[in-house]
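Notes for the one structure printed next.
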Amino acid sequence: MEDQLEYLVTKSDFILPGLVIFLLVFWAGFALLGFSLFKVITGAANFFFDRYILFVYQLNYQERASLEYKIPFYQNLKPSLKRKFECNVKYFIQKKDFEGRDGCTVTPEMKLLIAAAATQISFGHFPTIYEHFRKIIIYPDKYFSGSTQRYHLGEVQSNGVIKLSWAAFTEGLRIKNDGVHVGFHEMAHALKIEDSTLHDMEHCFMDKKALHDFHSYSNDRIRSHGSQSFMRDYAFSNSEEFFAVSIEYFFETPAQLRKNEPVVYDYLTRILKLDPLNHTNPVLT
Ligand SMILES: [Zn+2]
């Protein structure tokens, strides 16, 4: 009798830990199954959404010809990526309110080229339409800002407005290899804000670690900045400007940026999921 009692007491010592382990394994398995199911469902939803917008948002012949003539990044893409690029451009145009100021009349060509700049820098995260930004205001030339009391060539406001000087924008397009492109610059600021603003589709799409490391690195570079640098001095104003300016060089002079600023180049390929030196297929998976 005593032996039996001792046996039961000994056995009960194992019942509770056993039950706890069982429950932990059960819930871990349940959570894993739920997570896998979530991944499968979101993967399928993204797949069908991409197919849907590729079908709905299409450029006409004239618009495609204009991209072919003016946007080297698009010109070099393989056909399937060209199709995606066109879709993103059209989708972007449809979702934005374009407004001309100081006598600027907004033309379809302006919308197309601004949308192309936005699409190019975010192409590794297709589709991206900068949902936070509803309005794009275009000035004929530099404009005076009441808030900074200075003249600007472009500006991104956290209230969802992007401002651009058309003269500066077209100059950036015209000279393709000087590392200056106000369209890329302002869209780079907008992309950073988009990434940090909560939307269903567009939130935290950039690699968090690469972004964090990029900013640590840029802060070090800014602190130790001397007179000699591959990128223009404006990049060293602060970490956000370093990001925006480096994106201008990344797309305008990728080979030179990789040679002179290999760390910056590497971080940008990871953040944007693009390698512009791979002309036909720049999207990294
Ligand atoms: Zn800037």
Side-chain angles (χ1 to χ4, degrees), residues 92 96 101 110 113-123 125 128 130 132-197 202 205-206 210-223 225 229-254 256-257 260-261 264-265 267-268 271-272 274 276:
F92 183 95
K96 304 298 165 216
R101 292 252 178 104
M110 286 172 163
L113 296 174
I114 290 170
T119 297
Q120 183 168 332
I121 72 160
S122 64
F123 198 46
H125 298 284
T128 301
Y130 305 66
H132 179 67
F133 296 91
R134 304 280 175 198
K135 184 175 259 195
I136 298 181
I137 298 174
I138 309 167
Y139 294 85
D141 207 334
K142 64 184 177 186
Y143 59 92
F144 190 74
S145 164
S147 55
T148 62
Q149 293 292 299
R150 286 189 296 121
Y151 281 95
H152 286 239
L153 299 177
E155 187 180 352
V156 167
Q157 296 176 338
S158 54
N159 63 353
V161 176
I162 298 171
K163 294 182 174 179
L164 288 167
S165 146
W166 188 244
F169 186 92
T170 48
E171 188 68 355
L173 263 182
R174 191 177 67 79
I175 308 170
K176 300 199 185 307
N177 58 1
D178 62 348
V180 180
H181 192 303
V182 74
F184 293 157
H185 184 101
E186 299 309 332
M187 290 305 167
H189 284 313
L191 200 62
K192 277 293 298 293
I193 294 172
E194 187 65 31
D195 182 64
S196 60
T197 309
E202 298 177 352
F205 48 87
M206 294 184 193
L211 208 51
H212 174 267
D213 292 348
F214 178 93
H215 283 296
S216 299
Y217 179 77
S218 64
N219 281 324
D220 288 346
R221 290 293 307 280
I222 291 163
R223 273 193 292 274
H225 177 54
S229 169
F230 172 68
M231 294 196 290
R232 63 184 186 274
D233 281 347
Y234 190 63
F236 299 87
S237 311
N238 59 57
S239 187
E240 292 303 326
E241 294 307 333
F242 193 96
F243 178 76
V245 172
S246 66
I247 282 183
E248 293 177 75
Y249 285 92
F250 187 66
F251 288 105
E252 287 228 321
T253 57
Q256 290 94 320
L257 183 71
N260 291 284
E261 296 279 3
V264 171
Y265 191 89
Y267 281 138
L268 289 182
I271 293 166
L272 300 178
L274 285 173

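Both ligands and their constituent atoms are indexed starting at 1 by order of listing. Just so you know, these numbers use all the heavy atoms, side chains as well, and skip hydrogens, waters and symmetry mates. Sequence positions, counted from 1, serve as the residue numbers for this chain.
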**Report entry** Cationic N near anionic O, under 4.0 Å, Glu155 to Arg150
**Finding:**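 No.
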**Report entry** Lys176 and Glu252 ion-paired at < 4.0 Å
**Finding:**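 Salt bridge flag = no for Glu252 with Lys176.
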Which N, O or S atom name in [X] marks its closest approach to the Zn ion (ligand 1)?
{"X": "His189", "answer": "NE2"}
{"X": "His185", "answer": "NE2"}
{"X": "Glu241", "answer": "OE1"}

Requested in this report: Kindly check if the number of other-residue, nucleotide or ligand heavy atoms within 6.0 Å of CZ (Phe144) is above 12?
Outcome: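 Yes - once you tally the heavy atoms of other residues, nucleotides and ligands closer than 6.0 Å, there are more than 12.
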Query raised in the report: Is the Phe230-Tyr249 ring centre distance short of 6.0 angstrom?
Result: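 They qualify: ring centres under 6.0 Å apart.
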